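Quick notes on the structure that follows.
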Amino acid sequence: MDYKGIYDYWFNATIKVSTIRILKELKKAESDDFDFNFIFNKICQNVRDIRKIKYSESIEELLPGINKAFEQRKIYGNNKIEKVFSNEVLDLFQKKNNNDNFNERDYSKIIKKIAISESLDILINRFSNSYMFHEAIYKSEMWKYFTLEEIPGGYRNSKNWKVMHDKLYPQQPKAKIKNFTNEPEKSMSKSSVSYLEENERFYLIHLLTKKHLKLDQVELIRFILTISPVQEPKMFTNKYGNTRLYKISNIGLDYISNTEDQHAFVDQLILKLQNSGLKSVITKLKIIKKSLPKLKG
């Protein structure tokens, strides 16, 4: 019996089917004008619930100790899957059946459930750890780049990320403003700052209120112009504490759980503010970037 073959088949099939379903759900949400953060959290929760209820918990009820037995694959070097299904998991299965005649069909069902459960776990980790990559796909509608496969070197080093990033945040030329004085022309306008997402604008508020960012009068005016306007009706109700925008302005980068996404968020914000005249903000962002955990590799 080819244990690894059965496992690999259901593992890969789950990735393939889930990719199609999640992409379809994202496209539907985008066409219905849902915020990406809303549909992202909904998908993550749905996948986790399906894995827990239909596979992880149900298989544990069917064969108590199965999840712990499968964890033993980590003690092996090569051929982890084949060995754990030939030893620890098989032993548990045989004990449950009082060492009666081995039933290949029943055992293959056990392998199938474990493969699907493990695939869903890895799949949702990949999806959640690439928040900004999938947000870029969602906002640019470049659906051909959607993947739940592991991206070698991380998504920030991929060509697809650069293409989407350049489309969403093109370098904008400085606005040309007529000079009515004899002074050298140093005028700026809000149009010289790349468009900021709401998350980014409220993170700037976090810098001001929680990170002791000090601005002179001119920079404060520019700051206010940079972060306006904001569309969040709930901010004007007593439920403001539940809004995504309040949370990011209150806890800052802790709102973004993944270290790679935290680095990407700060890098992107620095890039967008290059022509803003907000030197103190850029300096503070660079200091915060240095304090972030270093990226692996």
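Here the structure is a predicted model, which is why all the values come from computation and not from measurement.
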Contact summary for I59 and K113, nearest pair of heavy atoms
CD1-CB, 3.6 Å
Which pair of heavy atoms, one from V266 and one from K289, lies closest together, and at what distance?
CG1-CB, 3.9 Å
Just jot down the side chain to side chain donor-acceptor pair (under 3.5 Å) partners of S130, sequence neighbours excluded, or say none.
none
Residue pair K96 / L92, side-chain heavy-atom distance below 4.5 Å:
no
Rounded to the nearest 0.5 Å, how far apart are OG1 of T283 and CD1 of I288?
11.0 Å
With sequence neighbours left out, what residues match K112 under side chain to side chain donor-acceptor pair (under 3.5 Å)?
none
Hey, does the side chain of Q262 reach the backbone of I256 with a donor-acceptor pair shorter than 3.5 angstrom?
yes
Mutual orientation of the aromatic rings belonging to F36 and Y131 [parallel < 30°, tilted 30-60°, perpendicular > 60°]:
perpendicular
State whether the number of non-hydrogen atoms from other residues, nucleotides or ligands found under 6.0 Å of E57 atom CD is greater than 12.
yes
Show your reasoning for whether side chain to side chain contact (heavy atoms under 4.5 Å, CB included) applies to N250 and F202.
CA-CA 9 Å; N250 188 41; F202 272 74; over 6 Å; no
State the NZ-OG1 distance between K294 and T259, to the nearest 0.5 angstrom.
13.5 Å
Is it true that Y107 and Y3 have ring centroids separated by less than 6.0 Å?
yes
Side chains of W143 and E30: does their closest heavy-atom pair fall under 4.5 Å?
yes
Nearest heavy-atom contact between A264 and M132 is CB-SD, 3.7 Å
Say whether, by atom type as modelled, one donor and one acceptor occur between the side chain of D35 and the main chain of N37 under 3.5 angstrom.
yes
Is any side-chain heavy atom of F85 less than 4.5 Å from a side-chain heavy atom of I6?
no
Of R156, H165, H263, the one forming a side chain to side chain donor-acceptor pair (under 3.5 Å) with Q268 is H165
Counting heavy atoms not belonging to K80, are there more than 12 under 6.0 Å from its NZ?
yes
Can we say K95 and D91 salt-bridge, meaning some charged N sits less than 4.0 Å from an Asp/Glu carboxylate O?
no
What distance do I270 atom CD1 and F265 atom CZ have between them, rounded to the nearest 0.5 Å?
11.0 Å
Any salt bridge (charged side-chain N to carboxylate O under 4.0 Å, His left out) pairs touching residues 61-74, not counting sequence neighbours?
E71-R73, E71-K74, R73-E118
Check whether any side-chain heavy atom of L295 sits under 4.5 Å from a side-chain heavy atom of E260, and report yes or no.
yes
Is the shortest heavy-atom distance from the side chain of D261 to the side chain of F133 under 4.5 Å?
no
For N103 and D106 the tightest heavy-atom approach is OD1-N, 3.0 Å
If you round to the nearest 0.5 Å, how far is CG of L208 from OG of S280?
11.0 Å
Taking the side chain as every heavy atom from C-beta outward, state whether I81 and F70 have any atom pair closer than 4.5 Å.
yes
Of all residues at least two apart in sequence or in a different chain, which pass the side chain to side chain donor-acceptor pair (under 3.5 Å) check with E141?
none
Partner of L168 by side chain to side chain contact (heavy atoms under 4.5 Å, CB included), out of M142, E135, K139:
K139
Could you tell me if Y155 and N160 have a donor-acceptor pair between their side chains, going purely by distance under 3.5 Å?
no
Sequence neighbours left out, cut at 3.5 Å: what donor-acceptor pairs do the side chains of residues 15-26 make with other protein atoms?
residue : atom : partner : partner atom : Å
S18     : OG   : T14     : O            : 2.7
T19     : OG1  : I15     : O            : 2.7

Could you check L62 against I110 for side chain to side chain contact (heavy atoms under 4.5 Å, CB included), going step by step and ending with a plain yes or no?
CA-CA 9 Å; L62 183 67; I110 295 291; 3.7 Å; yes
Heavy-atom donor-acceptor pair, D121 side chain to S117 backbone, under 3.5 Å
no
Note: V84 and A69 closest approach over all heavy atoms is CG2-O, 3.5 Å
Considering all heavy atoms of both residues, which atom of K83 and which atom of E88 are nearest to each other, and what is their separation?
O-OE1, 4.2 Å
Counting neighbours of OH on Y76 that are heavy atoms of other residues, nucleotides or ligands and sit closer than 6.0 Å, is the number greater than 12?
yes
Would you say the side chains of D49 and Q45 form a donor-acceptor pair under 3.5 Å?
yes
Measuring from atom CD1 of I282 to atom CD of Q274, what distance do you get when rounded to the nearest 0.5 angstrom?
4.5 Å
Ring pair (Phe, Tyr, Trp, His ring centres under 6.0 Å) with H134: which of W161, F127, Y145?
F127
Between E200 (side chain only) and L269 (backbone N and O only), is there a donor and an acceptor less than 3.5 Å apart?
no
Reported OG-to-CD1 distance for the pair S56 and I66, which is rounded to 0.5 angstrom:
10.5 Å
Tell me the salt bridge (charged side-chain N to carboxylate O under 4.0 Å, His left out) pairs involving residues 273-288, sequence neighbours left out?
none
